Amino acid sequence: MLARAARGTGALLLRGSVQASGRAPCRASSGLPRNTVVLFVPQQEAWVVERMGRFHRILEPGLNILIPVLDRIRYVQSLKEIVINVPEQSAVTLDNVTLQIDGVLYLRIMDPYKASYGVEDPEYAVTQLAQTTMRSELGKLALDKVFRERESLNASIVDAINQAADCWGIRCLRYEIKDIHVPPRVKESMQMQVEAERRKRATVLESEGTRESAINVAEGKKQAQILASEAEKAEQINQAAGEASAVLAKAKAKAEAIRIVAAALTQHNGDAAASLSVAEQYVSAFSKLAKDSNTVLLPSNPGDVTSMVAQAMGVYGALTKAPVPGAQNSVSTGSSRDVKDTNADLDEEID
């Protein structure tokens, strides 16, 4: 009769566990065996033995011997990791959005004595605790944070379950959220928000691209102006250096020409040759008086070539010799005013 009572009690426990979790739990997978004096306990199982209705000991895996009638196997606990499906439940977030959420719970019995005598159905108790903890934790988060903080949410649920299940001899190893179902209208709003966010990102990226393009164009213009100014500066420097070199070369050539002319004047008949050259330049300058302007200065006797040559020779003599009293009387015909005007024209033409 004791054996039948034990089997009946085990059957009730099994039925209660099946109704709570939807599947036969592993903790009672071996059932409640009879006391056959010599017993062999499987690995990763713990058999709780009562003697005359009081806890006696826990049978370890392997060979064990019990006293008939007095000893009875009251509970069989599985020490393997147990997987329990947490049923779908509704929870309200911080921003008043109702979610349908379910999960998976991973347990392991750490103390068979507490699991047997600390709670009537430990698996059912842990499942209910997981559901209530899930609702409590979801109420602290907004909808947007629920999806981003699933890892922290799982860790919070595991910590809460371990704090409460420590006296039951059960340890929660992991809790994983399987599915989160959002109401259709909220899902549509989230989709619209995502689309708006993407359009915003596209607009921002386009504006940043335009900004970068304008900056690059401005930088290019700036560099171009800098390079153009540097090129113009270099060109002006080179042009100035070229002009200076040209002026210096012209000055050296003119100085050399003057030295050559001076050397030629010191030779025999040099004065006569210089007089002839000055006379030619004078006549040539006089012939160009009326070409560049309408103002013409004429001597008193323009038809007398001999007089013009004499005047040119007088100018040359005045330039090459020291002035003496009565030098102007040596110049034949023509007034002193005409001579001065002709000398001015000759100087301008020579220059």
Side-chain angles (χ1 to χ4, degrees), residues 14-27 78 80-110 115 119-211:
L14 286 174
R15 284 196 296 271
S17 300
V18 170
Q19 291 176 359
S21 61
R23 59 185 298 271
C26 296
R27 58 186 285 267
S78 175
K80 298 178 183 179
E81 187 172 346
I82 303 171
V83 181
I84 300 176
N85 287 322
V86 179
E88 188 178 46
Q89 59 178 333
S90 62
V92 180
T93 61
L94 184 62
D95 49 355
N96 296 324
V97 178
T98 302
L99 301 178
Q100 297 294 328
I101 188 168
D102 57 359
V104 180
L105 193 61
Y106 297 86
L107 304 175
R108 175 173 289 175
I109 296 177
M110 309 302 294
V119 64
E120 181 65 26
D121 191 343
E123 297 174 7
Y124 178 74
V126 171
T127 303
Q128 296 300 315
L129 181 59
Q131 290 181 334
T132 56
T133 306
M134 171 63 72
R135 285 193 291 268
S136 176
E137 293 296 331
L138 282 177
K140 301 177 183 178
L141 299 176
L143 179 61
D144 296 336
K145 293 185 178 180
V146 170
F147 297 96
R148 294 198 300 264
E149 300 184 3
R150 292 181 67 169
E151 295 296 332
S152 61
L153 184 61
N154 294 337
S156 300
I157 294 173
V158 170
D159 293 339
I161 292 175
N162 286 332
Q163 291 178 4
D166 183 62
C167 60
W168 300 339
I170 297 175
R171 181 173 182 81
C172 179
L173 302 179
R174 293 182 305 278
Y175 182 86
E176 299 293 339
I177 298 175
K178 289 198 302 184
D179 295 319
I180 299 177
H181 301 285
V182 183
R185 292 185 178 180
V186 177
K187 187 180 294 185
E188 292 177 0
S189 300
M190 293 174 63
Q191 186 66 27
M192 294 173 61
Q193 182 180 0
V194 171
E195 293 178 358
E197 186 67 24
R198 290 179 178 176
R199 287 195 297 269
K200 175 184 175 182
R201 291 179 182 177
T203 304
V204 171
L205 291 176
E206 184 178 359
S207 63
E208 289 180 355
T210 304
R211 174 173 170 271

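Starting from 1, each residue takes its place in the sequence as its number. Everything quoted here is computed from the prediction, not taken from an experiment.
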Rounded distance (nearest 0.5 Å) linking atom CD1 of I161 with atom CD of Q128: 11.5 Å
Closest non-hydrogen atom pair between A130 and Y175, with its separation: CB-CE1, 4.2 Å
All side-chain hydrogen bond (donor to acceptor under 3.5 Å, both in side chains) counterparts of D95, not counting sequence neighbours: T93
Set of residues satisfying side-chain contact (heavy atoms from CB on, under 4.5 Å) with respect to V92, sequence neighbours excluded: N96, T98
Gap between atom CE of M134 and atom OG of S156 - 0.5 Å precision: 10.0 Å
E195, CD atom: more than 12 neighbouring heavy atoms under 6.0 Å: yes
Rounded distance (nearest 0.5 Å) linking atom OG1 of T133 with atom CG of D159: 10.5 Å
Side-chain heavy-atom pair L141, L153 within 4.5 angstrom cut-off: yes
By side-chain hydrogen bond (donor to acceptor under 3.5 Å, both in side chains) - contacts of E149 (at least two apart): none
Any V97 side-chain heavy atom under 4.5 Å of V146 side chain: no
Listed partners of E88 passing side-chain contact (heavy atoms from CB on, under 4.5 Å), at least two apart: Q100, D102, H181
With R198 via salt bridge (charged side-chain N to carboxylate O under 4.0 Å, His left out) - residues at least two apart: none
Check: T203 main-chain N/O paired with S207 side-chain donor or acceptor under 3.5 Å: yes
Over all atoms of both residues, closest heavy-atom pair of I109 and S78: CD1-O, 3.6 Å
Spacing of CG belonging to L143 relative to CG belonging to L99, to within rounding of 0.5 Å: 6.0 Å
Which residues share a side-chain hydrogen bond (donor to acceptor under 3.5 Å, both in side chains) with R108, sequence neighbours left out: none
Which atom of Q131 lies closest to which atom of P87, heavy atoms considered: NE2-CD, 3.2 Å
Atom pair CG (L107) and OG1 (T127), whose distance is rounded to the nearest 0.5 Å: 7.0 Å
Separation between CZ of R199 and CD of E206, rounded to the nearest 0.5 Å: 14.0 Å
With R150 via side-chain hydrogen bond (donor to acceptor under 3.5 Å, both in side chains) - residues at least two apart: none
By side-chain contact (heavy atoms from CB on, under 4.5 Å) - contacts of E208 (at least two apart): V204, L205
Qualifying residues under side-chain contact (heavy atoms from CB on, under 4.5 Å), relative to V119, sequence neighbours excluded: P122, A125, W168
pair R135-T132: side-chain heavy atoms closer than 4.5 Å: yes
Heavy-atom closest contact (L129 atom, A160 atom, distance): CD2-O, 4.3 Å
Salt bridge (charged side-chain N to carboxylate O under 4.0 Å, His left out) partners of K140, counting only residues at least two apart: E137
From CA spacing to verdict: side-chain contact (heavy atoms from CB on, under 4.5 Å), I101, L138: CA-CA 10 Å; I101 188 168; L138 282 177; 3.9 Å; yes
Summary of salt bridge (charged side-chain N to carboxylate O under 4.0 Å, His left out) pairs that have at least one residue in residues 163-183, sequence neighbours excluded: E81-R174
